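Chain identifiers are assigned alphabetically (A, B, ...) following the order of the sequence lines, protein sequences preceding nucleic acid strands; residue numbering begins at 1 within each chain. Given the structure is predicted, the values throughout are model-derived calculations rather than measurements.
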Amino acid sequence: MKPLYTPDGVEARWQSAWESEGHYAAGAGATREESYVICVPPPNVTGDLHLGHALNGSIQDVLVRWHRMRGYRTLWQPGYDHAGISTQNVVEKQLATEGLTRHDLGREAFVARTWEWLELTGRTIMRQYRRLGASLDYERERFTLDEGYSRAVTTFFVRLWDRGWIYRANRIVNWCPHHQTAISDLEVVHEEMDDVLTYVRYPFADGDGEDGIVIATVRPATILGDVAVAVHPGDERYAAAIGRHLVVPYLERHVPVIADERVDPAFGTGALKITPGHDPTDFVIGRDHDLPEPMVIGFDGRMNEHAGALRGLTQAEADVVIIAWLKERGRLVKRDNYRHAVGTCERCHTRIEPLISLQWWCRMEEPARPAIEALRERTVRFHPESQHRFAIASLEETPDWCVSRQLWWGHQLPIWTTPDGEVICALTEEEAQERAGAGVALTRDPDVLDTWFSSALWPFATLGWPDETPELAAYYPGNVNSTAREIIRLWENRMIWAGLEVMGEVPFADVIIHSTVLATDGRRMSKSLGTGVDPIEMIDAHGADATRYGLLKISSTQDVRFSPGAIEEGRKLANKLWNVSRLILQNAGDVEARVEPTALEERWILARIDGAREQVEEAWAAFDFATAANVLYHLTFDDFCDWYAEAIKPRLYEHEPSVAATAVAALERLLVLLHPMLPHVTEEIWSHLPGAQGRLIVSPWLEPDDRFLPDVGALERIQAAAVTFRRSGVQVVLDSDDERRIFAAVVRPERQKVTGDAGPEIARLQKEIARAEAMLANDTFVASAPSAVVDGEREKLERFRRELEALSTAEG
RNA sequence: GGGCGCAUAGCUCAGCGGGAGAGCGCUCGCUUCACACGCGAGAGGUCCCUGGUUCGAUCCCAGGUGCGCCCA
């Protein structure tokens, strides 16, 4: 063993040993019946590991390794998501460099090409998870587009269809002109943009042309799609206008003035032009007032045939024409600069066109109901609690789900149409044909399902559903799911209701919503901002153990800024552990672990280890990983190294067998506690233990051991004496031989340059005594404060007086 | 516009009714036979502001200021 611990090589060696020896496999090393199951959130098949994955992987791996050691039948399920729009995007970009579009290839060839590309460059994240030491059962990797998984998706869709929850409707959707597909609200990102707010006067149809109502719009081109002007019913400015008609500019169409409470009287002029074809709010208002829904912008984002002479123009070009038209006729009131948030596609950042199109939808009111129930009854619990409330609220107001996408990469809808217009939903084309009748020509719906539709099935489709496999029986329902906050509505809620729908049980009991790791300056981490931190670089530089430690240490119930210092702290912890192990092992010879404490510090460290065990168990059970990291850090540095190891050193050097045996036993326990967080360095040291047998990864977790509990505070007096000595050079008198021996071994007073000035220490103690005396002299305090607090103050006062006396005695 | 949260040492954060804490950074002293990725000591804080509750507030409540995230 070298003086400096180097994770290079060590980590890779253990990663391949653990995996090849089968310790990652579901149920490996199990000694009890209960299972413990976590499904990894399936990462994008085209993606790379980012810090969020690394944090989430560290969290899940701690839980999985801990439960594996406790003897549970653990399964940590790996796999990938096909990520419809972003994967298709990548391949289309690649085609573009060859001057091709997907339409040049055709659907079949395009999908084949995408598969080919994935085989070459996809699926990198599981390799990166291995480098983190993540003990996923890699043999069981699943992909949402695998044959079996696809059958699950189809089966689920048909089931929803049979439930009557799937329907097709013309609705306003978020249309991405670049991807030529509808996307869900959740795939739209809002970005601040500088715009112009144009104020336009619409004259009354029955007026003199001078009067009218002024509206404000950021998109003059949509004026052509106006079907009404709405005002707030309580807005006195416009009360008289309700029911009258206005002339829409350019097209000179006559439209009514209507009253609707959704109009904000404070925005613009308080009059809202209603364009149901191109604005979601207007669409809803239009439906309620039975207004027509003309569309003047096409799927390509340009003005369409309903825009008359403006057909074919971009919206910007149309804006210019319309504004000129308004100016000529004196109807342009003013134009103001206006900064506001605009919806853009999260993948390509193209401005979203809200427009009406025919899409497939899944009703949500009915499926959400049992999920809300499960959350209210806390059959599923989100952590932290604030996210639990958010999950319930988001399910309560969840709109119907647009499940169709106009893409090629994904699960094609199992829907066929006959020439007569009969719509058939079936598991297979054969079945559809059978139902339509032989010889009837069938046309399959070209759309694919939203990627999240397949993700919703992850906890059971990965186990073989819809087949009744042994894995499904053994590992469903799972226990924990851990993910980022922004994915609660996209994924967590849908897994919960889907699980209840097809399995009759929620897929897990606990959902951990982990911190978002921000850049050190507080901005979001992103490649485009250049604020990203590559976890693989962190692993290269400091090791996987250090990286895991650092991420867990900064994790919280809120967003956190990345801190390289935390990872360095982890590296120092690994090195410290390595070196204290060297000390013990170099002096233990062949002595094997035996708990044979013969001295105070040995009983003390065993008690401290048991205390830490309890704290760590509590913290992990509460998903508080930072607290556990902190407890383990101080147990190792302060208790084990600074006090225990220093205290036993003289006796260890003399090769007292019981000292060595107990030290090896204490070290073993420390390694067990640290293993879930720092798996590599602990396994490496474990392999050097005298008589090492088996792997730490499948060694049993510590049982509670309160035999030494009475000595858990046994070093307090010596530690106080050490502080006093180091500060003042004054040795206070200690009671027992054990105490004096430990003090001598740890403090090494003969080495210290003694100043011999007890003055500052005496002053400090006198100040403490004065403070405690003042508190106890306050009758209201003594009368009102809880007796434990008052007693505590009395005890402190006693102790300070004792210490002061000891100090004065020693000095004298 | 709606929701959630945060403001504590130079930095990153913990503490959340009874003496202000950790890691890093900084200063000083130590190459002591596990470790200089170490050991020891130290400096550094109106715990954002203003009120209120309380014997007692960094902690609870109200208002304010600043910042962040999510959603529309």
key: Watson-Crick and G-U pairing of RNA chain B written in dot-bracket, each distance under 3.5 angstrom, with | for inter-strand partners   = (((((((..((((....[..)))).(((((.......))))).....(((((..]....)))))))))))).
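Between A/W578 and A/H688, the ring-plane angle classifies as perpendicular under the 30° and 60° cut-offs.
Between the P atom of B/C70 and the CD atom of A/E492 lies a distance of 18 Å, rounded to the nearest Å. A straight line from CZ of A/R389 to P of B/G5 spans 6 Å, rounded to a whole angstrom. Between A/R727 atom CZ and B/G40 atom P the separation is 13 Å, expressed in whole Å. What separates CE of A/M1 from P of B/C37 is a distance of 18 Å, to the nearest Å. In this structure, CZ of A/F725 is placed 19 Å from P of B/G29, rounded to the nearest angstrom. We find that CZ of A/F637 is positioned 10 Å from P of B/G40, with the value rounded to whole Å. One atom, CG of A/N778, and another, C1' of B/U54, lie 12 Å apart when rounded to the nearest Å. Rounded to an integer number of Å, the gap from CG of A/D779 to P of B/C55 is 14 Å.
Contacts of A/E569 with the nucleic acid, taken as non-hydrogen atoms under 4.0 Å apart, involve only primed sugar atoms and P, OP1 or OP2. At the heavy-atom level, A/F800 lies under 4.0 Å from base atoms of the strands shown.
For the pair A/H278 (side chain) and A/T275 (backbone), a donor-acceptor distance under 3.5 Å is absent.
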Please enumerate all protein N or O atoms sitting under 3.5 Å from an N or O of nucleotides 32-36 of chain B, with distances to 0.1 Å.
{"residue": "B/U32", "atom": "O4'", "partner": "A/R751", "partner atom": "NH1", "Å": "2.9"}
{"residue": "B/A34", "atom": "OP1", "partner": "A/Y653", "partner atom": "OH", "Å": "2.6"}
{"residue": "B/A34", "atom": "OP2", "partner": "A/Y653", "partner atom": "OH", "Å": "2.6"}
{"residue": "B/A34", "atom": "O2'", "partner": "A/N579", "partner atom": "OD1", "Å": "2.5"}
{"residue": "B/A34", "atom": "O2'", "partner": "A/R582", "partner atom": "NH1", "Å": "2.7"}
{"residue": "B/A34", "atom": "N7", "partner": "A/K649", "partner atom": "NZ", "Å": "3.2"}
{"residue": "B/A34", "atom": "N6", "partner": "A/E646", "partner atom": "OE2", "Å": "2.7"}
{"residue": "B/A34", "atom": "N3", "partner": "A/N579", "partner atom": "O", "Å": "3.3"}
{"residue": "B/A34", "atom": "N3", "partner": "A/V580", "partner atom": "N", "Å": "3.2"}
{"residue": "B/C35", "atom": "O4'", "partner": "A/N579", "partner atom": "OD1", "Å": "3.0"}
{"residue": "B/C35", "atom": "O4'", "partner": "A/N579", "partner atom": "ND2", "Å": "3.4"}
{"residue": "B/C35", "atom": "O2'", "partner": "A/N575", "partner atom": "ND2", "Å": "3.3"}
{"residue": "B/C35", "atom": "O2", "partner": "A/K576", "partner atom": "NZ", "Å": "3.1"}
{"residue": "B/C35", "atom": "N3", "partner": "A/K576", "partner atom": "NZ", "Å": "2.9"}

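Counting only N and O atoms by type, the side chains of A/W401 and A/D450 include a donor and acceptor under 3.5 Å apart.
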query = For nucleotides 11-18 of chain B, read 5' to 3', which letter fits each nucleotide if B means a protein heavy atom sits under 4.0 Å from the base, S means only the sugar-phosphate is that close, and - means neither?
reply = -SSS---B
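For the pair A/R485 and B/C71, the criterion of a side-chain N or O lying under 4.0 Å from OP1 or OP2 is not met.
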